Peer 1: 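Sharing a structure below in structure tokens format, with a few things to ask.
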2 protein chains.
Amino acid sequence: MPPDAPPTCDPQTDLTADAQPDRFQRAREAQAVALLEDYVEMIGDLIAEHGEARVADIAQRMGVAHPTATKAVSRLKREGLAVSRPYRGVFLTEDGAALADRVRQRHRVVVDLLVAVGVPRETAELDAEGIEHHVSDATLHAFEGFLDAKG
Amino acid sequence: MPPDAPPTCDPQTDLTADAQPDRFQRAREAQAVALLEDYVEMIGDLIAEHGEARVADIAQRMGVAHPTATKAVSRLKREGLAVSRPYRGVFLTEDGAALADRVRQRHRVVVDLLVAVGVPRETAELDAEGIEHHVSDATLHAFEGFLDAKG
DNA sequence: TTCGAAATGTAGCCAGGGCTTTATTCCGTG
DNA sequence: CACGGAATAAAGCCCTGGCTACATTTCGAA
Ligand SMILES: [Mn+2]
Ligand SMILES: [Mn+2]
Ligand SMILES: [Mn+2]
Ligand SMILES: [Mn+2]
């Protein structure tokens, strides 16, 4: 080891270092469900607008090819969030619809908070699409509290 | 179509619907670089603490098995962010070190902003690990402005 | 100086989430 | 009511990012 090497162990930084694996695993987990959340929310939108969600529309809104959307729908069905029959539209289960509502509301709160702290609406809308999936219930409540106090 | 079906086309909602594919693609892109950002920042931490980043330490901090860390390091090397020789520690390139610094600073700002709007520090630290990767430069500047105005 | 434990590398598996290409089904129109 | 175009499904490819199992190298202690 070179003579000017930093100390091998610093109890101060080691405390936060120990917590890192859990933080990262939590972030990975959130990212794994992010896609499902976006699909469910968006399928809810399509159903509200058109009465049903067709695979072609889902693919177009997500900006993916239709086989990609079909695969995603399969995962949603496997998770009990959606139902569909061959060559028919996709619909949400009770669980799926409830999740869609929660996700939509959280999205709105995140955008509102970003705007409230000075982020341009357009940018807020863009960034919120990714941020929302990492906002825990505790943070969401804090956001709502802040918005209430400000409004 | 059932008689009570919603209208097929609502120009108001269609406006936001048209923008959605780009939003989602942007979020997917951000998520693709998120892992690299976390690795680079964390490798920078290890180098600062120990003078080098060993694969075993990287794996432990990320909460993954060591071959997973090895693969990630390969990607970092391919992206020109890190260098290493077989059975030796991992080091950051100039680009890698610069990215690590940016990422570390952004992480700090995000945590500070969350705390400033009322999120408990512990929760802020957890959520920031995922949120940070979706915070654009514009949003980051807004965060800094808000923190300045408040402090 | 040797040798065994620990670190690192390699191979190969899996699931997720993209894609293109090809087959099948549906449905509005003629 | 038949048919052709559009929608859907199915098959199969790629890359990422996890994993386990096994091979190789390093290095400190005996
Ligand atoms: Mn989203
Ligand atoms: Mn959303
Ligand atoms: Mn992170
Ligand atoms: Mn971070």
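Values in this document were obtained by computation on a predicted structure and should not be read as measured data.
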Peer 1: Specify the residue among Arg88(A) and Gly63(A) whose closest nucleotide of DNA chain C lies further upstream toward the 5′ end.
Peer 2: Gly63(A)
Peer 1: If you compare every side-chain N and O of Thr70(B) against the phosphate oxygens of dT8(C) (OP1, OP2), does one of them come in below 4.0 Å?
Peer 2: no
Peer 1: Are there any protein N/O atoms within less than 3.5 Å of an N/O atom in nucleotides 3-5 of chain D, and if so, which ones and at what distance?
Peer 2:
none

Peer 1: Write down the distance between CE (Met62(B)) and C1' (dG18(D)), rounded to a whole number of angstrom.
Peer 2: 11 Å
Peer 1: For the pair made of NZ in Lys71(A) and C1' in dC14(C), what is the distance, rounded to whole Å?
Peer 2: 13 Å
Peer 1: Any base atoms under 4.0 Å from Ala56(B), or only sugar-phosphate, or nothing? Heavy atoms, all strands.
Peer 2: sugar-phosphate
Peer 1: Report the distance from atom CZ of Phe24(B) to atom P of dG17(C), rounded to the nearest whole Å.
Peer 2: 14 Å
Peer 1: I need the residues from residues 73-83 of chain B with at least one non-hydrogen atom less than 4.0 Å from DNA chain D; give them sorted by number, or say none.
Peer 2: Arg75(B), Arg78(B)
Peer 1: Identify whether any heavy atom of Pro86(A) sits under 4.0 Å from a base atom; if not, whether one sits that close to sugar-phosphate; answer base, sugar-phosphate or nothing.
Peer 2: sugar-phosphate
Peer 1: Can you tell me how far C1' of dG17(D) sits from CG of Leu35(A), to the nearest Å?
Peer 2: 15 Å
Peer 1: Is the aromatic ring of His66(B) within stacking range of dT8(C), meaning centres under 5.5 angstrom and planes under 30 degrees?
Peer 2: yes
Peer 1: Excluding sequence neighbours, so at least two apart, what forms salt bridge (Lys or Arg N to Asp or Glu O under 4.0 Å) with Arg108(B)?
Peer 2: Asp112(B)
